[in-house]
Amino acid sequence: MGDHSAHGTGSATTSPWPLLVALGLVFSEVGIVVALLPVAVAGLVLFAASVTGFLTESARVARPWPLAIGFGIAFVVLGGLLYALGTGTLSVAPADELTGLARRGIAIAAAGVITAVGAVALRVRSRRNRERERGSERGGQHG
């Protein structure tokens, strides 16, 4: 078998996203299992941001904002469901024996809120920067 890999003259770059995805998963799992809620929240936010960055960098998605907001919404829904199961608001027989669901649900929902709000804030900032750049280009042309 021959080597069919592409050999280019450009410099090869390594993406940081796979490592950050893995770290996000590790931190979120450790935080949830050991009940270190700030670590769990930070890990989930890092995971969502890293997956979004990875898919954007590899041109799998055109814009990162809808995906990041989607992660946030999914985390809020999942966290709310776990909270409801943990508090007894929603009762499902297999979940009755599990402990700590409410606390875990809060961590996941908080990560969802932070992820969604952060994505919206970054989108607004990005849009303002683009408008500012367009305005300075127009001002420079007419000046």
Side-chain angles (χ1 to χ4, degrees), residues 1-140:
M1 290 173 92
D3 181 16
H4 297 287
S5 62
H7 296 283
T9 58
S11 63
T13 59
T14 303
S15 174
W17 299 121
L19 175 63
L20 294 174
V21 168
L23 286 174
L25 281 173
V26 168
F27 288 141
S28 64
E29 286 296 318
V30 167
I32 288 172
V33 170
V34 183
L36 295 172
L37 299 186
V39 174
V41 170
L44 286 169
V45 171
L46 177 62
F47 172 75
S50 300
V51 169
T52 301
F54 184 66
L55 292 175
T56 303
E57 181 181 272
S58 64
R60 301 273 191 242
V61 296
R63 296 176 307 156
W65 320 120
L67 182 61
I69 293 167
F71 266 116
I73 292 169
F75 288 165
V76 168
V77 169
L78 180 61
L81 178 64
L82 286 177
Y83 182 80
L85 287 170
T87 59
T89 305
L90 179 64
S91 182
V92 177
D96 288 343
E97 307 263 336
L98 300 175
T99 60
L101 290 180
R103 186 175 59 244
R104 293 175 180 137
I106 289 170
I108 294 170
V113 169
I114 291 169
T115 300
V117 168
V120 169
L122 289 174
R123 180 177 184 201
V124 167
R125 189 178 90 185
S126 174
R127 183 176 287 168
R128 284 183 183 158
N129 287 343
R130 278 195 315 263
E131 289 172 358
R132 201 173 294 133
E133 287 173 5
R134 287 182 194 146
S136 67
E137 288 174 3
R138 289 182 197 147

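Along the sequence shown, the residues carry numbers beginning at 1.
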Legend entry - Where Ala68 and Ala119 come nearest, the two heavy atoms and their spacing: CB-CB, 3.6 Å
Legend entry - Arg130: partners by side-chain hydrogen bond (donor to acceptor under 3.5 Å, both in side chains), with sequence neighbours left out: Ser126
Inset, instruction - Kindly give the heavy-atom pair with the smallest separation between Ala107 and Val41, and that separation in Å. - result: O-CG2, 3.3 Å
Determine all donor-acceptor pairs shorter than 3.5 Å in which one atom belongs to a side chain in residues 47-54; sequence neighbours excluded.
from  : atom 1 : to    : atom 2 : distance (Å)
Ser50 : OG     : Leu46 : O      : 2.7
Thr52 : OG1    : Ala48 : O      : 2.8

Inset, instruction - State the CG-CD1 distance between Leu101 and Ile106, to the nearest 0.5 angstrom. - result: 11.5 Å
Inset, instruction - Of all the heavy-atom pairs spanning Ala102 and Thr87, show the shortest one and how long it is. - result: CB-CG2, 4.0 Å
Legend entry - Over all atoms of both residues, closest heavy-atom pair of Val33 and Arg104: O-NH2, 4.1 Å
Inset, instruction - Would you name the heavy atoms of Ile69 and Ala116 that are closest together and state the gap between them? - result: CG1-O, 4.3 Å
Inset, instruction - Examine distances only and state if a side-chain atom of Ser28 and a backbone atom of Leu25 form a donor-acceptor pair shorter than 3.5 Å. - result: yes
Legend entry - Value rounded to 0.5 Å, distance of CZ in Arg128 from CD in Glu133: 14.5 Å
Legend entry - Flag if over 12 foreign heavy atoms under 6.0 Å of CZ, Phe27: no
Legend entry - Minimum side-chain heavy-atom gap Thr115-Leu44 below 4.5 Å: no
Please output the side-chain donor-acceptor pairs of residues 75-86 that fall under 3.5 Å, not counting sequence neighbours, one pair per line with the distance.
none

